[in-house]
Number of protein chains: 2
Amino acid sequence: MKAEDQETRGRLLSAGARLFAEHGFAKVTVRDICRKAVANVAAVNYHFGGKVGLYDEVLQAAVRTMQSTTEAAREAGAQQPPEQQLRAYIGVFLHRVVGSGHDSWIHQFMLREMSDPTPALDIVIEQVIKPRMAYLCGIMAELLGCPIDDPRVARCAMSVHVQCLSQMHNPVASRMSPAFERTPETLDAMTDHIARFSLAGIRDIAGP
Amino acid sequence: MKAEDQETRGRLLSAGARLFAEHGFAKVTVRDICRKAVANVAAVNYHFGGKVGLYDEVLQAAVRTMQSTTEAAREAGAQQPPEQQLRAYIGVFLHRVVGSGHDSWIHQFMLREMSDPTPALDIVIEQVIKPRMAYLCGIMAELLGCPIDDPRVARCAMSVHVQCLSQMHNPVASRMSPAFERTPETLDAMTDHIARFSLAGIRDIAGP
DNA sequence: ACTAGATTCAAACAGTTGTTTGATACACTT
DNA sequence: AAGTGTATCAAACAACTGTTTGAATCTAGT
């Protein structure tokens, strides 16, 4: 293993990540990846044992980043009332989705894996989705003032979760109207909207 | 044109619809379609001029059905206060999504076209999404008591819309937990939840 | 019965896919 | 300087893609 070897391996990894995120596993060819990474066609098989080997490694990196997003949301709301915890969760999520430049491909990648699953989806569900929803459900149970297995908890968590998801890269919204562009300013406005909208909804559901 | 001719044409159409909905345009081969429709490999090219010709025709049928869903939602809320119009919209949408048996492929098909667009997406946006969102935004403007171009209108419409979308067939939810099954009973409960949650959110956003 | 047009079919087409191969170039140790 | 193991490369591989072809089959009109 030499320094140059790791370089081509890394180039394949990042080229594959961007292409898989943009077009999905099936529509990206090994030749596309190698052309973008300036490597030979056989390089993917040599370094990763095949196309799915490269995909699995890209997915592992994406999973690690998303786990850190969940952790960041948790820390941002630590030792605060549940209302602030929810607001922190929404804010961290939205800013990571559109903000952090060189990680923006990850959320597009995950969204694609969820709508068009490969066998690797189970890993994502177990290691990312379930812990994240468990944290969100904990906040909901506090806000609703009811046990965590109350059916209202899961429903409110869903309502919050999908509003956050809707801010991800989405081919429809971008073609609908220029008013749906995601800039840092509209992002803060959207965080406020989702938090206020959802907190009012939760309070009403919690009531008599 | 004879009766039997229309039969194979129709078989191709329905086989293509189901397969396109389940796996997407790229992952379905014309040989898959013809095998399912018990027709020769050349049948697709003969009757539809090619794979995309068949896809376009499937999409047109889906567009017509979705337009009728929008119309049904509009009629269900006609001459009622905006709160009831919103509830009717959510109810019609959810019942059509999971309810009507032999049309259930349509929503899966549309969801796939939206997350993994073909050139035909523009037709869907113009003829389905925009009219539907325009109707929903009208209700929002009434509920908020503000002009329709107020930024809060689009945001609230988004919040309602994505909660409805989340009830569509979704590979993640079905693998998460059996608690997310969509039966006629949970469907009514979900309609109530989304309507109550959203109306409270809208009222809060409309306030001072 | 015969023709004309429409439909079906097996076979083959050219292009692309992921993967394999064997030779070559390279850096490092002995 | 010879040897060793790793990495790259052009070329070829078999399998699969959508589409075309030309003959065979069928139906309807005269």
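These figures come from a predicted structure and were not determined experimentally. All chains are named by letter (A, B, ...) in the order of the sequence lines, taking the proteins before the strands, and each is independently numbered beginning at 1.
Applying the side chain to side chain donor-acceptor pair (under 3.5 Å) rule to B:T70 yields the partners B:R132; only residues at least two apart in sequence or on another chain are considered. Partners of A:H193 by side chain to side chain donor-acceptor pair (under 3.5 Å), not counting sequence neighbours, listed by chain and number: B:S159. Residues passing the side chain to side chain donor-acceptor pair (under 3.5 Å) test with A:D116 are B:K27, B:R112, sequence neighbours excluded. With sequence neighbours excluded, no residue satisfies side chain to side chain donor-acceptor pair (under 3.5 Å) with A:E22.
Note on ring orientation: taking the six-membered ring where Trp is involved, the planes of A:F109 and A:Y55 are tilted (angle from 30° to 60°). Between A:F93 and A:H107, the ring planes are perpendicular. Angles over 60° get that label, and only those under 30° would be called parallel.
Within the 4.5 Å cutoff, the side chain of A:F20 has heavy atoms near those of the A:L54 side chain.
Contact annotation: B:H47 side-chain N/O to C:dT8 OP1/OP2 distance is under 4.0 Å. A close approach under 4.0 Å does occur between a side-chain nitrogen or oxygen of B:T8 and OP1 or OP2 of C:dT8.
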Report task. Can you check each nucleotide of nucleotides 11-23 of chain D against protein heavy atoms at under 4.0 Å and return B for base, S for sugar-phosphate only, - for none, in 5' to 3' order? Result -> -B----BBBBB--

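Protein atom OH of B:Y46 is 5 Å distant from nucleotide atom C1' of C:dT7, rounded to whole Å. Distance A:R9 CZ to D:dT6 P: 15 Å, rounded to the nearest Å. Look at CZ on A:F20: it is 12 Å from C1' on C:dG18, rounded to the nearest Å. Whole-Å rounding puts the A:L12 CG to C:dT19 P distance at 13 Å.
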Requested in this report: Go through the steps to decide whether B:Q167 and B:M190 satisfy the test side-chain contact (heavy atoms from CB on, under 4.5 Å), and finish with yes or no.
Outcome: CA-CA 9 Å; B:Q167 297 306 302; B:M190 193 56 79; 3.5 Å; yes

With 3.5 Å as the limit, what N/O pairs link the protein to nucleotides 23-25 of chain C?
none

